[in-house]
Amino acid sequence: MPCRPRPGGRTLPGTRVPQGRAVVRGCRPPGHDAELASARARLERCSARLEEELLLLHRWAEGAGLLGGGEAQGSDGRGVVLEVAPGVGGAEAALFAGELFEMYERLAEERGWTFESEGNAGGSQGYTARISSAPGADEDGPFGWLRWEAGVHRVQRIPETEKKDRMQTSAATVVVLPMAEEAELSFAPGEVVMEVSKKSSGPGGQSVNASHQAIRAIHLPTGMSVRCVASQSQFENRKGALEMLRTRLLAKQQSAKHRETSSSRKEQRGTGDRSEKIRTYNFSRDDVIDHRLGKGDARSASDVLFGAGLCALLEEHRLRARAARAADAVELLCARLCPE
């Protein structure tokens, strides 16, 4: 129905009312909604374009050394070396570490990544895996998602072995290292020693015919060693061992160079104490609180640890990181264009 002027409707002094029209309070002209929707769509496109330009500026500033601290934005497309180890809490902490490791394996399967477990014994020894994606992943690579998982994870629940229904608090530590590229760190001849050992062993001659596939790479100058048994191929295990060794050595170098601000392996692992947590999984309330996001963003503990809720939680971190990078780029731009 056409709008009708309200009784007693007035016009402002000096306002001319076109013939055949009335000034109606709250009445929208024809086509107003379509124009508003079109304007909003244009605004969203321009905002997205501006954000992309600011992120490119941020990446350039990182490469030029104008921004410091943390892992560079350009590392987001890389694969990772993932380590999960039990912290304080005994057997319950070891169980929780295994559940976290399985949670990351499900995420890798959901994202279409390659998840290679490194012959994990579990328990107090923890778990290690290499996670990679197809080349050209850009921000959608494993490190672009899993970088937010590094730190101490705390769980509060009643263990299955607890007879008096007492709540126990345990912890596990997660280390996420971006995979180093061969061009970033090369080994001199004789600097790395490769040891070959049997993949399995047992009494009664069970390993008499076992093939020698497990590879241990030892970096002689530092004494650092890694072991790779992910593949049935000795060649692939050699390649994987060198990748892991290169990644850990590069992380150690970056830690020494940026001790206060870098996401080094030692800083990520911490002491494994429950007070250093980045996230708490409380099963009595069935919620997960990420202490970097705040209590207002609680999610279901069962959904995050055993379901598909981790992806949504990490997406929130990614959105906040993009906003922070864009804000840094604006600040840098203002400092260059309008110096004090």
Side-chain angles (χ1 to χ4, degrees), residues 71-72 74-86 97-122 125-151 153 172-187 192 194-197 199 213-219 222 224-255 263-266 268-269 310-311 314:
E71 295 290 349
S75 302
D76 285 356
R78 298 190 182 193
V80 301
V81 173
L82 172 73
E83 299 176 2
V84 184
E99 292 170 345
L100 287 176
F101 192 73
E102 292 173 358
M103 176 182 72
Y104 298 128
E105 187 172 8
R106 285 192 298 271
L107 177 67
E109 183 178 357
E110 179 183 347
R111 300 292 306 171
W113 300 332
T114 301
F115 189 95
E116 297 177 287
S117 177
E118 294 299 334
N120 298 292
Q125 299 183 21
Y127 304 84
T128 303
R130 287 182 298 142
I131 307 177
S132 57
S133 62
D138 198 19
E139 293 184 4
D140 284 332
F143 187 66
W145 284 84
L146 294 174
R147 63 189 306 164
W148 319 110
E149 292 300 289
H153 295 241
T173 59
V174 177
V175 172
V176 180
L177 301 176
M179 198 81 74
E181 297 179 354
E182 189 172 352
E184 293 177 302
L185 185 64
S186 57
F187 298 117
V192 177
M194 292 288 192
E195 292 183 353
V196 183
S197 61
K199 188 173 182 180
Q213 297 164 332
I215 300 294
R216 181 182 298 276
I218 305 173
H219 187 242
T222 62
M224 182 179 293
S225 66
V226 297
R227 185 169 181 266
C228 183
V229 294
S231 173
Q232 297 292 328
S233 166
Q234 188 178 123
F235 173 79
E236 291 296 329
N237 286 336
R238 283 177 178 271
K239 180 180 177 182
L242 286 175
E243 271 187 349
M244 294 175 64
L245 183 62
R246 188 179 292 111
T247 295
R248 296 186 183 184
L249 285 172
L250 186 62
K252 186 177 181 179
Q253 292 179 5
Q254 291 175 343
S255 175
S263 302
S264 65
R265 183 176 184 272
K266 181 178 179 180
Q268 289 182 23
R269 181 177 291 279
L310 178 62
C311 191
L314 295 179

*Might you point out which heavy atoms bring Pro142 and Gly79 nearest each other, and give the distance in Å?*
CG-CA, 4.1 Å
*How long is the span from the CG atom in Leu249 to the CG atom in Leu177, to the nearest 0.5 Å?*
11.0 Å
*Going from OG on Ser225 to CE on Met244, what distance comes out if it is rounded to the nearest 0.5 angstrom?*
10.0 Å
*With Glu243, which residues qualify under side chain to side chain donor-acceptor pair (under 3.5 Å), at least two apart?*
Arg130
*asked:* If we ignore hydrogens and angles and just use 3.5 Å, is the side chain of Ser117 paired with the main-chain N or O of Ala129 as donor and acceptor?
replied: no
*asked:* Restricting to non-hydrogen atoms, name the atom on Ala97 and the atom on Ala85 that form the minimum distance, rounded to 0.1 Å.
replied: CB-C, 4.1 Å
*Partners passing side chain to side chain donor-acceptor pair (under 3.5 Å) against Glu236 (at least two apart in sequence or in another chain)*: none
*Could you tell me which residues satisfy side chain to side chain donor-acceptor pair (under 3.5 Å) with Thr222, sequence neighbours excluded, listed by chain and number?*
His219
*What are the two closest heavy atoms between Phe143 and Pro178, and how far apart are they?*
CE1-CD, 3.6 Å
*Between Ile131 and Met179, what is the shortest heavy-atom contact and its length?*
O-CE, 4.4 Å
*Heavy-atom distance under 4.5 Å between the side chains of Leu242 and Met194, does that happen here?*
yes
*Which heavy atom in Thr247 sits nearest to a heavy atom in Ala180, and how many Å separate them?*
OG1-N, 3.0 Å
Indicate every side-chain donor-acceptor pair of residues 99-114 with a distance under 3.5 Å to a residue at least two apart or in another chain.
from	atom 1	to	atom 2	distance (Å)
Glu99	OE1	Arg157	NH1	3.0
Glu99	OE1	Arg157	NH2	2.9
Tyr104	OH	Glu149	OE1	2.7
Arg106	NH2	Leu305	O	2.3

*Taking all non-hydrogen atoms of both residues into account, name the closest pair between Val226 and Ala241 and its distance.*
CG2-O, 3.2 Å
